[in-house]
Amino acid sequence: AVADALENVPRGSGPPNRGECIAVPHDPELFRLDANNCSKSGAQLGHRDEASRPGIGGTGSVTFPDSFSTGRLLARRVTEADLEELRRLHTDASVMAHIGGVRSQAQTEAYLAQNLRHWNEHGFGLWMVLDGAQSRVAGLAVLRHLTVAGADEVEVGYSLHQEFWGRGLATEIASACSTHGYVSLG
């Protein structure tokens, strides 16, 4: 059901493995997922019981993991200490070509501050993604609120350093973020 639902989700124009965002409509009926279906993404998830899930547009606290893993990647919540890694991504013209262009130091600082604030306000947001085998930063993954055509949507996105392109890692991390969103937001 999740794979079928994703077929109808509007996607950005970025080429695979370089940077693409998926806007997930707030339709709890379309995107309801139970814990038994989470294994489709290969993500290692911590599950909460149905009663504690607020659903999209619901009330209550949403709890996302500060870190999680997939088959080949580790993801951890972004911190202020990640500024230099974000700057490295944001100044790579090839990486940024499909996601808004190269950013200045001030723009990267503002991006980090915005994403730290999003975590504090919503309980989820930006994760730094590390290559599980070598623990090097591969890029980032994001699950956050975004206004699209006046509607509050949840964005799933990623950005990877060039050396990590072409291995299916973008699909792997985006799938894990999507699963976290479906499980926690409904």
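Minimum heavy-atom separation, Trp165 to Ser94: CH2-O, 3.7 Å. When all heavy atoms of Val95 and Ser159 are compared, the closest pair comes out as CG1-OG, 3.1 Å. Listed here is the closest heavy atom pair of Arg88 and Val137: NH2-O, 4.1 Å. Nearest heavy atom pair, residue Ala75 against residue Trp127, reads CB-CB, 3.9 Å. Looking at every heavy atom in both residues, Phe68 comes nearest to Ala176 through CE1-CB, 3.7 Å. Nearest heavy atoms, Asp131 versus Leu73: CA-CD2, 4.2 Å.
Side-chain contact between Trp119 and Thr79 is absent, with no heavy-atom pair separated by less than 4.5 Å. Taking 4.5 Å as the limit, some side-chain heavy atom of Asp82 sits within range of a side-chain heavy atom of Arg76. Put simply, the side chain of Val102 does not reach to within 4.5 Å of the side chain of Gln107, judged on heavy atoms. You'll find the side chain of Arg167 reaches within 4.5 Å of the side chain of Arg72, heavy atoms only. Side-chain contact between Phe64 and Cys177 is absent, with no heavy atoms from C-beta onward closer than 4.5 Å.
Around CD of Glu80, the count of heavy atoms belonging to other residues, nucleotides or ligands within 6.0 Å does not exceed 12.
The distance from the CD atom of Gln105 to the CD atom of Glu84 is 7.5 Å, given to the nearest 0.5 Å. Rounded to the nearest 0.5 angstrom, Arg144 CZ and Glu121 CD are separated by 13.0 Å. Taken to the nearest 0.5 Å, the OH atom of Tyr111 stands 5.0 Å off from the NE2 atom of His90. A distance of 10.0 Å separates CZ of Arg117 from CG of Leu112, quoted to the nearest 0.5 Å.
Leu74 pairs by the side-chain contact (heavy atoms from CB on, under 4.5 Å) definition with Ser69, Leu130, not counting sequence neighbours. Applying the salt bridge (Lys or Arg N to Asp or Glu O under 4.0 Å) criterion to Asp66, with sequence neighbours excluded, gives Arg77. Remark: His118 pairs with His122, Phe124, His145 by the ring pair (Phe, Tyr, Trp, His ring centres under 6.0 Å) rule, at least two apart or across chains.
Judged purely by atom type and a 3.5 angstrom limit, Asp92 has no side-chain atom pairing as donor or acceptor with the backbone of Leu89.
The side-chain contact (heavy atoms from CB on, under 4.5 Å) test with Leu140 is passed by exactly one of Asn115, Leu126, Ile173, Val78: Leu126.
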- [ ] Tell me, with the steps shown, if His161 and Arg136 meet side-chain contact (heavy atoms from CB on, under 4.5 Å).
- [x] CA-CA 11 Å; His161 289 292; Arg136 291 181 305 146; over 6 Å; no
